Amino acid sequence: MTILAIGTQAGDQPLSRMEIARRDTGPHDVRIEIAFCGICHSDLHQARGEWAGTLYPCVPGHEIVGRVAEVGGHVTAHKVGDLVGVGCIVDSCQSCAECADGLENYCDGMVGTYNGPTPDAPGHTLGGYSQAVTVHERYVLKITHPEDQLAAVAPLLCAGITTYSPLRHWGAGPGKKVGVVGIGGLGHMGVKLAHAMGAHVVAFTTSESKREDALALGANEVVVSRNEAEMAAHAKSFDFILNTVAAPHDLDAFLALLKRDGTMTLVGAPASPHPSPNVFGLIMKRRAIAGSMIGGIPETQEMLDFCAQHGITSDIEMIRPDEIEAAYARMLKGDVKYRFVMDIGRMGA
Ligand code: NAP
Ligand code: ZN
């Protein structure tokens with residue numbers, strides 16, 4: 001079937017409306033009418049060709065929520081009318097150790113929701129800035145939040161799981177001091193989730209204007225990271241720091257805040273590398289730098305259920321599909337509170 005989407009034909013072209021095809025609903029497929037799609041900074045990196053290997057046309061979007069419109073004959077987990085979500089993964093090999101462990105995000109054959117290999121036209125996947133998507137049932141998540149929160153649930157599908165997974169893996173919880181660096185789409189979810197897990201949360205921002213907001217999001221303390229005295233007050237005190245910043249920056253300033261055996265995990269994926277960290281800063285306190293990529297399907301469901309139980313959604317600003325370029329420009333300035341969400345219902349308007 002042919003549907004409307006928002007995408008681009010080249011990295012230096014603005015995103016605009018286009019027609020794309022979706023495959024027929026196969027035996028294990030779920031066809032979803034998309035209601036809302038969150039706008040992740042990864043969408044911008046990909047659409048503008050900042051990461052190597054963008055395939056065009058590029059239709060970004062991997063924070064998808066909507067309603068099941070059709071299911072294949074073998075689908076058991078979902079039925080027509082259900083509220084569902086799709087995140088960053090639409091396929092994987094289903095036979096490796098990672099897939100067996102429910103860590104499809106680390107499968108070498110993982111297929112991203114956009115820019116991934118597929119036999120469907122045009123030969124690579126096209127994402128959620130579109131009216132509908134057809135996805136194997138394994139990669140479709142159940143949404144149990146109230147329906148009137150649906151738009152604010154969309155960002156959980158990437159920003160939520162990308163922060164939830166490392167917070168869980170590195171043990172954020174009662175008695176732990178956890179830092180979240182960069183209070184954007186990912187970072188504001190990281191603050192909410194770490195707070196709900198019971199950690200003592202310190203938000204690090206470059207934006208003085210986010211100081212009050214970060215406290216309202218659940219931070220116990222806020223540090224404006226350009227202020228050296230504020231940074232120094234937290235030296236050698238953190239168990240864990242989650243760094244979501246989308247641009248290269250001085251990592252040593254944050255490593256110095258880790259106590260012995262502390263870890264800083266990077267989830268931000270800037271287009272060019274960070275300056276190298278000072279090795280002595282790591283050696284002296286047996287500190288570690290790590291990375292983490294989204295999360296597997298079972299953990300994504302766990303995160304959605306955790307958020308529903310704790311009343312957690314994203315703070316969003318709704319945009320029309322034709323406002324995407326203005327939204328990208330504001331995202332680049334850190335001027336989003338705290339996630340843009342595209343109202344797909346207005347795609348045809
Ligand atoms: P975002 O909404 O633009 O937030 C990034 C935040 O980083 C900004 O709001 C800003 O926060 C801070 N920041 C930006 N430029 C900075 C600079 N030059 N120096 C210091 N701080 C700066 O982006 P996002 O959607 O949260 O995504 C963040 C990054 O994570 C992107 O690179 C994205 O591609 C990546 N990502 C990775 C994964 C994964 O699986 N690992 C998943 C999704 C996204 P303050 O105003 O508070 O300083
Ligand atoms: Zn994302």
Side-chain angles (χ1 to χ4, degrees), residues 37-48 50-51 54 60-64 85-89 103-106 110 112-115 127-129 154-167 169 179-192 202-214 217 219 222-227 231 242-251 253-254 265-275 290-296 299-300 303 314-317 327-341:
C37 186
I39 311 297
C40 179
H41 206 115
S42 301
D43 301 351
L44 185 159
H45 290 309
Q46 190 84 66
R48 299 220 165 141
E50 292 179 3
W51 292 339
T54 301
H62 57 205
E63 295 184 339
I64 297 169
V86 175
C88 305
I89 308 173
L103 294 171
E104 301 88 346
N105 48 322
Y106 297 117
M110 184 200 101
T113 302
Y114 52 81
N115 214 60
Y129 299 1
L156 303 182
L157 275 304
C158 174
I161 185 59
T162 301
T163 50
Y164 182 91
S165 183
L167 287 168
H169 185 79
V180 179
V181 186
I183 308 305
L186 266 56
H188 96 290
M189 288 311 311
V191 169
K192 289 187 184 206
V202 181
F204 291 90
T205 180
T206 58
S207 309
E208 182 67 46
S209 63
K210 295 181 183 173
R211 197 186 277 275
E212 292 304 315
D213 286 4
L217 293 169
V222 182
V223 170
V224 174
S225 53
R226 298 191 201 278
N227 182 321
M231 291 287 278
L242 182 63
N243 187 326
T244 76
V245 173
H249 62 283
D250 173 23
L251 301 180
F254 296 103
T265 293
L266 308 178
V267 291
S272 50
H274 296 291
S292 182
M293 191 174 74
I294 45 176
E299 194 176 42
T300 305
M303 176 277 308
S314 173
D315 289 18
I316 64 164
E317 184 177 336
Y328 279 1
R330 282 184 51 198
M331 186 158 64
L332 281 172
K333 290 192 289 183
D335 175 26
V336 194
K337 294 201 168 174
Y338 276 89
R339 196 59 140 184
F340 289 119
V341 171

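In this text, all values refer to a predicted model and were calculated from it rather than measured experimentally. Heavy atoms only: backbone and side chains are in, while hydrogens, waters and symmetry mates are out. Indexing begins at 1, ligand by ligand and atom by atom, following the structure's order.
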Please tabulate, one line per pair, the protein nitrogen or oxygen atoms found under 3.5 angstrom from a nitrogen or oxygen of ligand 1, with distances to 0.1 Å, or say none if there are no such pairs.
| from | atom 1 | to | atom 2 | distance (Å) |
| --- | --- | --- | --- | --- |
| ligand 1 | 2 (O) | G185 | N | 2.8 |
| ligand 1 | 3 (O) | H41 | ND1 | 2.7 |
| ligand 1 | 9 (O) | K210 | NZ | 3.2 |
| ligand 1 | 11 (O) | I183 | N | 3.3 |
| ligand 1 | 23 (O) | H41 | ND1 | 3.4 |
| ligand 1 | 25 (O) | H41 | N | 3.0 |
| ligand 1 | 25 (O) | R339 | NH1 | 2.6 |
| ligand 1 | 26 (O) | G185 | N | 3.4 |
| ligand 1 | 26 (O) | L186 | N | 2.8 |
| ligand 1 | 32 (O) | H45 | NE2 | 2.9 |
| ligand 1 | 32 (O) | A269 | N | 3.0 |
| ligand 1 | 34 (O) | S42 | OG | 2.8 |
| ligand 1 | 34 (O) | H45 | NE2 | 3.3 |
| ligand 1 | 40 (O) | I294 | N | 2.8 |
| ligand 1 | 41 (N) | V267 | O | 3.0 |
| ligand 1 | 41 (N) | S292 | O | 3.0 |
| ligand 1 | 46 (O) | S207 | OG | 2.6 |
| ligand 1 | 46 (O) | K210 | NZ | 2.7 |
| ligand 1 | 47 (O) | I183 | N | 2.8 |
| ligand 1 | 47 (O) | T205 | OG1 | 2.6 |
| ligand 1 | 48 (O) | T206 | N | 2.8 |
| ligand 1 | 48 (O) | T206 | OG1 | 2.6 |

Next item on the list: Verify, without hydrogens or angle tests, whether T244 (side chain) and G268 (backbone) share a donor-acceptor contact under 3.5 angstrom.
Entry: no
Check: Would D43 and Y114 count as having a side-chain donor-acceptor pair, cut-off 3.5 Å?
Finding: yes
Check: Looking at R339 and A159, what are the two nearest heavy atoms and their distance?
Finding: NH2-CB, 3.7 Å
Item checked: Heavy-atom pair of closest approach, residues A203 and V191 -> CB-CG2, 4.2 Å
Notebook entry, point to check: Can you name the closest pair of heavy atoms from M231 and A253 and give their distance?
Noted result: CE-O, 3.6 Å
Checklist line | Any donor-acceptor N/O pair, T113 side chain to I89 backbone, under 3.5 Å | finding: yes
Note to self: If I compare all heavy atoms of D335 with all of F340, which pair ends up nearest, and what's the gap?
What the structure shows: O-CZ, 4.2 Å
Check: Would you say the side-chain atoms of H274 pair up with the backbone N or O of L251, donor to acceptor, closer than 3.5 Å?
Finding: no
Margin query: For a distance under 2.8 Å, give residue and atom name for each protein N, O or S atom next to the Zn ion (ligand 2).
Written below: C40 SG, H62 NE2, C158 SG
Margin query: Which label fits F254 and H249: parallel for a plane angle under 30°, tilted from 30 to 60°, or perpendicular past 60°?
Written below: perpendicular
